[in-house]
Structures are given as C-alpha cells and as structure tokens.
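Have a look at the structure below, then the notes.
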Amino acid sequence: MNVTKKSILLACIFGLLSIITWYYAYIYTPQKVVDMSAYPTFIATDTELTVYGEDGRKEKSMTSDTTTYYDEKQFFTFIKPLITTYKYENNTVNLWHLKGNTGDMVTDKIANVYGDAKVYPGFDDPVIDHADSTKFHYDFATNEITNDERVTVYGKSFTTDGTDFKFEMNTNKATYKGAPHATYYPQTK
C-alpha cells in the first residue's frame, strides 16, 4: 500500500473513532436539569387586575407599576400596588383603597402591602380620612385588613393609634386590641 492510501485509511478510521467516542459521550453524559420555579413566569409594567362577582359587578381591582408572577407558586410581587374593594349599597358604591411601596399576593387568598402602607376611602363624607402603617395584610375571603404592628387612623377631628388592628371592609368597622391611644380635636364653629 502506498502512503496516500494508508493516510486515507487512517483518516477514515480516526474519523469513525471520533464519531463513536462523541456519540457515547453524548449519550452517557448526565443532562443538567434546571429548576425554573425560581424564575418568574412573566414581568409586566402598568398592570391592572380585576375580580368580578357573580352578578358581573367589580368586587376588587389592583393596579401596580410592576407585577412579577410565578406560575408554579401562584404568587405575585408588586411595586407600587393599589388594591381597591367595591361595596355596593343601595345605588351607591363605597370604595376602599389599600396602597404601599411594595406588595405580594397569593392568588385569590391574601395580599400584603409594605412600606408607607395606607388605607383610605374613595367615597364622599367618610368617617376616617386614612390609616397609616408600615404594612397591611389583606384577606380576600373575609375582606379584612389586619396588622399586628402600630397603626394610626386619622379622622376629621381625631387621631387614634394602636396595635392588633383589624378593619372589616364589609361593615366599615375598625378595631384595635392592643395599646389603643386616641386624641380628639374639638370642632370649632
């Protein structure tokens, strides 16, 4: 055999060995499994979520500057959230708003609002102007806002604060169970 035929035969044998080696290395190399649950399903800006009741009327709505959603956890995070609840009485709608700097929500169960959190009415002639705290917890099932830390409620002629705060949005009833303190300002006429 001359040198050219030997070179071609050796090149074919080494080429075949290379292909076989690559094939077995590819098959027997463990594949990496990447856990995608830590990554969000989507991130959206200027979002609005609305929940409608069986009668077709709005029950709750939420807007935020940025919304991040994790599908596997059914979990949302928000920047600048604003939650609004709608209470229909006679021919009027009473709105209550809950806002803060950041927030999170488990779908259709609970929402938490953090940082400069505020609850305030969206209707005429309310009893209170607003309630402030560092955070609020909102329960969708009971339609209640709670906070075990200090909450300050401001009205037209009073301020009051305390801990273990609970605000029942269905009845417009706010209560403190811990360390209440109230200041009333006389009306001047």
Side-chain angles (χ1 to χ4, degrees), residues 44-53 57-70 73-90 92-189:
T45 57
D46 297 327
T47 55
E48 182 175 341
L49 307 167
T50 304
V51 176
Y52 292 93
R57 297 191 291 187
K58 280 185 180 181
E59 288 184 353
K60 297 168 186 60
S61 66
M62 177 180 236
T63 60
S64 68
D65 286 355
T66 304
T67 301
T68 305
Y69 177 63
Y70 300 85
K73 300 175 187 175
Q74 297 289 301
F75 185 74
F76 290 87
T77 61
F78 303 101
I79 296 176
K80 299 285 185 191
L82 171 64
I83 300 171
T84 303
T85 63
Y86 299 79
K87 183 181 177 195
Y88 299 93
E89 291 180 348
N90 303 327
T92 62
V93 180
N94 289 341
L95 305 175
W96 283 99
H97 304 287
L98 171 61
K99 73 175 188 173
N101 294 333
T102 61
D104 56 49
M105 178 176 74
V106 176
T107 306
D108 296 332
K109 292 185 181 163
I110 60 164
N112 297 297
V113 176
Y114 306 100
D116 198 22
K118 184 179 284 196
V119 177
Y120 60 96
F123 54 90
D124 294 332
D125 201 28
V127 175
I128 68 166
D129 291 329
H130 63 278
D132 291 339
S133 187
T134 56
K135 69 176 183 176
F136 283 111
H137 174 79
Y138 176 64
D139 189 326
F140 285 90
T142 61
N143 208 25
E144 294 176 347
I145 296 173
T146 57
N147 185 348
D148 55 353
E149 296 177 358
R150 180 143 320 267
V151 175
T152 303
V153 176
Y154 298 91
K156 290 184 170 94
S157 61
F158 70 92
T159 62
T160 181
D161 64 12
T163 58
D164 294 327
F165 175 78
K166 180 170 141 179
F167 178 57
E168 300 170 18
M169 298 176 87
N170 293 332
T171 61
N172 293 338
K173 180 181 174 185
T175 58
Y176 293 107
K177 290 186 180 177
H181 176 75
T183 305
Y184 294 96
Y185 305 103
Q187 294 287 331
T188 57
K189 292 183 181 187

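For reference, positions follow the sequence shown, starting with 1. What you see below is based on every heavy atom in this structure, not just the backbone, and it leaves out hydrogens, waters and symmetry mates.
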**Q.** Y88/K58 under side chain to side chain contact (heavy atoms under 4.5 Å, CB included): CA gap, chis, key distance, verdict
**A.** CA-CA 10 Å; Y88 299 93; K58 280 185 180 181; 3.9 Å; yes
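- For the side chain to side chain donor-acceptor pair (under 3.5 Å) test, no residue two or more places apart in sequence or in another chain qualifies with E48.
- Ion pairing between E89 and K87 holds under the 4.0 Å rule for side-chain N and carboxylate O.
- Using modelled atom types and a 3.5 Å distance limit, the side chains of N147 and S133 yield a donor-acceptor pair.
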**Q.** Verdict with supporting geometry, E168 and T171, side-chain hydrogen bond (donor to acceptor under 3.5 Å, both in side chains)
**A.** CA-CA 6 Å; E168 300 170 18; T171 61; 3.2 Å; yes
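- In this structure, K118 has no side chain to side chain donor-acceptor pair (under 3.5 Å) partners at least two apart in sequence or on a different chain.
- The main-chain N or O of Q74 is found under 3.5 Å from a side-chain atom of T107 such that the two form a donor-acceptor pair.
- Listed for the Y86 side chain is no donor-acceptor partner under 3.5 Å among the backbone atoms of Y52.
- By the ring-ring contact (aromatic ring centres under 6.0 Å, His included) test, Y154 pairs with H130, sequence neighbours left out.
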(Q) V153 vs F167, test: side chain to side chain contact (heavy atoms under 4.5 Å, CB included). Steps then yes/no. (A) CA-CA 11 Å; V153 176; F167 178 57; over 6 Å; no
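- T45 pairs by the side chain to side chain donor-acceptor pair (under 3.5 Å) definition with nothing, not counting sequence neighbours.
- By the side chain to side chain contact (heavy atoms under 4.5 Å, CB included) test, A117 pairs with V113, F136, sequence neighbours left out.
- The distance from the CD1 atom of I79 to the OG1 atom of T68 is 6.5 Å, given to the nearest 0.5 Å.
- With sequence neighbours left out, the side chain to side chain donor-acceptor pair (under 3.5 Å) criterion links D124 to no other residue.
- Atom-to-atom distance recorded for D46:CG and T66:OG1 is 7.5 Å, nearest 0.5 angstrom.
- Annotation: salt bridge (charged side-chain N to carboxylate O under 4.0 Å, His left out) contacts of K73 (sequence neighbours excluded): none.
- If you check the side chains of T47 and S64, you find a donor sitting under 3.5 Å from an acceptor.
- Applying the salt bridge (charged side-chain N to carboxylate O under 4.0 Å, His left out) test to residues at least two apart or on different chains, the pairs with a partner in residues 136-147 are E144-K166.
- Applying the side chain to side chain contact (heavy atoms under 4.5 Å, CB included) criterion to D129, with sequence neighbours excluded, gives K156.
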Identify each donor-acceptor pair in which a side-chain atom of residues 95-102 lies under 3.5 Å from a protein atom, sequence neighbours left out, and give them as a table.
{"unit_1": "W96", "atom_1": "NE1", "unit_2": "N172", "atom_2": "OD1", "d": "2.9"}
{"unit_1": "H97", "atom_1": "ND1", "unit_2": "T84", "atom_2": "OG1", "d": "2.9"}
{"unit_1": "N101", "atom_1": "OD1", "unit_2": "K80", "atom_2": "NZ", "d": "3.4"}
{"unit_1": "N101", "atom_1": "ND2", "unit_2": "G115", "atom_2": "O", "d": "3.2"}

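- Here CD1 of I83 is found 9.5 Å from OG of S61. Values are rounded to the nearest 0.5 Å.
- For the pair T163 (side chain) and G178 (backbone), a donor-acceptor distance under 3.5 Å is present.
- Residues passing the ring-ring contact (aromatic ring centres under 6.0 Å, His included) test with Y69 are F42, F76, sequence neighbours excluded.
- Across Y176 and D161, no two heavy atoms sit closer than the pair OH-CA, 3.6 Å.
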Q.
Does M105 form a side chain to side chain contact (heavy atoms under 4.5 Å, CB included) with L49? I'd like the steps, not just the answer.
A. CA-CA 12 Å; M105 178 176 74; L49 307 167; 4.1 Å; yes
**Q.** Intermediate values then yes/no, side chain to side chain contact (heavy atoms under 4.5 Å, CB included), N112 and K135
**A.** CA-CA 7 Å; N112 297 297; K135 69 176 183 176; over 6 Å; no
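- For N143, the side chain to side chain contact (heavy atoms under 4.5 Å, CB included) partners are K60, T85, Y138, M169, N170, not counting sequence neighbours.
- Here the closest heavy-atom approach between residue D104 and residue F75 is recorded as CB-CZ, 3.5 Å.
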